[in-house]
Amino acid sequence: MDSRNNNNRYYNDYPYSGDGRQTNPYYNSGNNGGSGGYNNGPVSQPPQPGNGKGGSFLLGMLLGVALMTLICGFVFVGMKVYEAVDSKNVAKKGTAQSVVSEETEKKLKAIEEVIDEYYYQDADIDVDAMTEGMYAGVVNALGDPYSVYYTEEEWNDLMQETAGIYYGIGAYLMIDPNTGLGKVSGVIENTPAEEAGLRADDLLYLVDGESTMGMELSEIVARVKGEEGTKVHLTIYREGETDYLEMDVERRQIEAPTVKYEMLENNIGYIQITEFDDVTTDQFTEALAVIKGSGAKGLVLDLRGNPGGSLNVVVDIARQILPKGLIVYTEDKYGERDEYSCDGRNELNMPLAVLVNGNSASASEILAGAIKDYHKGTLVGTTTFGKGIVQRVLPLTDGTALKLTISAYYTPNGNNIHGVGIEPDVVCEFDSDAYYDQDVDNQLEKAVEVLSE
């Protein structure tokens with residue numbers, strides 16, 4: 001997937017098992033676990049771009065309200081306007097449980113009738129898009145960037161992407177909180193994104209000439225993805241460059257491995273986890289076995305740029321590293337607590353250094369936080385993203401789905417790192433010039449140095 005919602009792979013952002021407390025028969029609960037992440041690494045503001053395209057429903061709603069204001073002087077639509085204004089007073093008193101009411105139905109009907117009678121282009125009215133936009137608008141009104149409504153197509157795409165194969169360019173995307181633009185959080189090796197020269201922290205100013213500002217992550221991803229062999233034109237803002245970068249990137253089938261490993265000098269093992277997907281547990285288990293079998297005397301675990309993923313997966317991986325005890329626990333708004341523990345039988349018995357940065361989020365922070373609380377390894381790099389909340393994906397019976405934030409998570413010592421992040425034990429800023437010009441990873445070198453000491 002070109003994004004992990006994560007947001008943040010978004011991305012970011014798979015089902016979490018638990019009681020959804022839903023009574024609507026239109027709801028069908030999912031059962032898998034998950035949390036996702038988004039990047040909040042500091043970047044410079046680019047020149048202010050124009051407004052991005054909003055949702056179809058929002059556009060329709062604004063147009064409808066404007067039209068009603070324009071024609072409110074006409075007697076023959078007076079009743080429609082009265083009903084709409086009267087329902088506004090009711091809506092102010094409503095809650096999430098009473099959004100759908102007789103009054104809101106009246107207002108929607110009034111807006112629909114005014115648009116039908118006065119909107120100047122009948123051919124441009126896409127009723128299906130407006131309906132989907134209405135559903136998305138209800139979720140967006142929560143003000144939570146991690147709660148999302150998925151159309152049937154978006155939900156199918158997400159399920160395909162969790163399998164690790166999709167058609168795109170090979171870049172992980174998130175929403176940059178500082179600018180509202182799409183942002184590259186990582187690039188998969190040997191993909192069109194790497195060949196085109198995309199880098200982590202690049203901001204997607206335009207996609208095929210359209211600004212990403214204000215777009216939902218799923219909307220940006222949909223524009224970047226496409227048929228195999230076609231190209232997408234990206235206008236990139238990169239900190240330090242004097243002008244925008246223009247790139248034509250070919251879309252290809254992408255197989256996204258989530259674990260990479262190798263042996264470094266001095267018998268130091270290296271394992272990188274790019275995200276926590278369903279396939280990651282087996283890939284990590286294999287990597288760790290090879291590293292141990294190669295006689296490693298120390299291990300570097302690289303979580304940089306990892307936006308998160310499945311809660312159950314990161315817990316399974318933590319059980320191959322941590323001693324006996326609590327890994328993480330979650331609490332929902334009802335005060336109910338779920339604990340995830342480790343029996344300690346597979347505790348890692350070698351020095352460990354963990355690389356983290358501002359793109360390490362959610363499930364990555366669960367693992368890093370537990371390792372830090374148990375003093376099981378040394379964290380090297382920069383402060384993590386700070387996403388200490390969990391999302392659950394709730395499929396609906398018509399093929400659509402909701403992703404909602406349902407709880408907060410806490411490290412073994414009871415720390416909630418949401419909005420704060422995790423401070424590394426050894427601070428080491430990334431030297432991008434050395435990395436891209438000289439192929440030198442100064443943070444990795446520092447981690448190896450820590451293990452050697």
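- Between P307 and S362 the shortest heavy-atom distance is O-CB, 3.9 Å.
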TODO: Check the pair V328 / T411 against side-chain contact (heavy atoms from CB on, under 4.5 Å), numbers first and verdict last.
DONE: CA-CA 5 Å; V328 65; T411 69; over 6 Å; no
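- In terms of heavy-atom proximity, E423 sits nearest to T383 at OE1-OG1, 3.1 Å.
- Counting only heavy atoms from C-beta outward, the side chains of V315 and R319 approach each other to under 4.5 Å.
- The 12-atom threshold is not exceeded at CD of E265, counting heavy atoms of other residues, nucleotides or ligands nearer than 6.0 Å.
- The local environment of NZ in K292 is crowded, with over 12 non-hydrogen atoms from other residues, nucleotides or ligands closer than 6.0 Å.
- A donor-acceptor distance shorter than 3.5 angstrom exists from the side chain of T212 to the backbone of G182, with no hydrogens or angles considered.
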TODO: Please assess D201 against K183 for the test salt bridge (Lys or Arg N to Asp or Glu O under 4.0 Å), listing each intermediate value before the final yes or no.
DONE: CA-CA 6 Å; D201 293 333; K183 180 179 180 179; 3.4 Å; yes
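- In this structure, L142 and L404 approach most closely via the heavy-atom pair CD1-CD2, 4.0 Å.
- Atoms CD1 and CD1, from I271 and I321 in turn, are 7.5 Å apart once rounded to the nearest 0.5 Å.
- No donor-acceptor pair under 3.5 Å is formed between the side chain of N413 and the backbone N or O of N415.
- Residues E331 and S407 bring no donor and acceptor atom of their side chains to less than 3.5 Å of each other.
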Open item on the list: One pair to check against side chain to side chain donor-acceptor pair (under 3.5 Å): D282 and T285. What are the steps and the verdict?
Closed with: CA-CA 5 Å; D282 290 341; T285 302; 5.2 Å; no
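- Rounding to the nearest 0.5 angstrom, the gap separating the CZ atom in R238 from the CG atom in L203 is 10.5 Å.
- The only member of I188, V232, V184 that meets side chain to side chain contact (heavy atoms under 4.5 Å, CB included) when paired with I169 is V232.
- Salt bridge status for D208 with R223: absent, with no side-chain N to carboxylate O gap under 4.0 Å.
- Put simply, NZ on K372 and CD1 on I417 are 11.5 Å apart, with the number rounded to the nearest 0.5 Å.
- Expressed to the nearest 0.5 Å, how far CH2 of W155 lies from OG1 of T400 amounts to 10.0 Å.
- Listed for the T179 side chain is a donor-acceptor partner under 3.5 Å among the backbone atoms of L181.
- Side-chain contact between E449 and E445 is absent, with no heavy-atom pair separated by less than 4.5 Å.
- Enclosure of atom CD in E153 is not indicated, since only 12 or fewer non-hydrogen atoms of other residues, nucleotides or ligands lie within 6.0 angstrom.
- Using a 3.5 Å distance cut-off with no hydrogens or angles, the side chains of T384 and S360 do not pair a donor with an acceptor.
- Aromatic ring pairs are classed by plane angle as parallel below 30°, tilted from 30° to 60° and perpendicular above 60°; the pair Y329 and Y410 is parallel.
- Between the side chain of T230 and the backbone N or O of G226, no donor-acceptor pair lies under 3.5 Å.
- Taking each heavy atom of D425 and G377 in turn, the nearest pair found is OD2-O, 3.9 Å.
- With no hydrogens or angles considered, a side-chain donor-acceptor pair links D248 and H233 at under 3.5 Å.
- A distance-only check finds no donor-acceptor pair linking the side chain of E453 to the backbone of V450 [under 3.5 Å].
- Side-chain contact annotation: T131 with D128, donor-acceptor N/O pair under 3.5 Å absent.
- Contact check for M263 versus I268: no side-chain heavy atoms found under the 4.5 Å cut-off.
- Side-chain contact between E154 and E219 is absent, with no heavy atoms from C-beta onward closer than 4.5 Å.
- A salt bridge does not link E227 with R251: none of the charged nitrogens is closer than 4.0 Å to a carboxylate oxygen.
- In this structure, Y270 has its ring center no closer than 6.0 Å to that of Y261.
- Note on ring orientation: taking the six-membered ring where Trp is involved, the planes of Y205 and Y244 are parallel (angle under 30°, cut-offs 30° and 60°).
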- [ ] Could you check V356 against E365 for side-chain contact (heavy atoms from CB on, under 4.5 Å), going step by step and ending with a plain yes or no?
- [x] CA-CA 9 Å; V356 293; E365 294 171 294; over 6 Å; no
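- Between G388 and N416, the shortest heavy-atom contact is O-ND2, 3.1 Å.
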Open item on the list: With side-chain contact (heavy atoms from CB on, under 4.5 Å) as the criterion, how do I273 and F276 come out once you've worked through the C-alpha distance, each side chain's angles and the decisive distance to 0.1 Å?
Closed with: CA-CA 7 Å; I273 304 177; F276 295 94; 3.9 Å; yes
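- How far CG of L245 is from CG of L234: 10.5 Å, rounded to the nearest 0.5 Å.
- Taking 4.5 Å as the limit, every side-chain heavy atom of V354 sits out of range of all side-chain heavy atoms of T378.
- Contact of the P412 side chain with the Y374 side chain is registered, since non-hydrogen atoms from C-beta on lie closer than 4.5 Å.
- With a 6.0 Å cutoff to the six-membered ring centre and a 45° limit on the axis angle, R252 does not count as a cation-pi contact of Y167.
- Checking E275 against T258 by side-chain atom types alone, no donor-acceptor pair falls below 3.5 Å.
- The shortest distance between side-chain heavy atoms of V300 and V380 does not fall below 4.5 Å.
- Using a 4.5 Å heavy-atom threshold, the side chains of Q391 and K403 count as touching.
- In this structure, K387 forms a cation-pi arrangement with Y146, its terminal cationic atom sitting closer than 6.0 Å to the ring centre and no more than 45° off the ring axis.
- Within a 6.0 Å sphere centred on NZ of K446, heavy atoms belonging to other residues, nucleotides or ligands number 12 at most.
- How far CG of D373 is from CD1 of I371: 10.5 Å, rounded to the nearest 0.5 Å.
- At a cut-off of 3.5 Å, with distance as the only test, a side-chain donor of Y149 or E132 sits close to an acceptor on the other residue.
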- [ ] For the pair L288 and F284, evaluate side-chain contact (heavy atoms from CB on, under 4.5 Å) and give the outcome as yes or no after the intermediate values.
- [x] CA-CA 6 Å; L288 187 58; F284 177 81; 4.0 Å; yes
Task: Worked verdict on R392 versus D332 for salt bridge (Lys or Arg N to Asp or Glu O under 4.0 Å) - done: CA-CA 12 Å; R392 180 181 181 184; D332 64 17; over 6 Å; no
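- A donor-acceptor contact shorter than 3.5 Å links the side chain of D431 to the backbone of A434.
- Donor-acceptor pairing under 3.5 Å is lacking for the side chains of T274 and N306.
- A pairwise comparison of heavy atoms in A353 and L451 identifies N-CD2, 3.7 Å as the closest pair.
- Within the 3.5 Å criterion, the main-chain N or O of V259 finds a donor-acceptor partner in the side chain of Q283.
- N359 places no side-chain N or O within donor-acceptor distance of the main-chain N or O of G186, the cut-off being under 3.5 Å.
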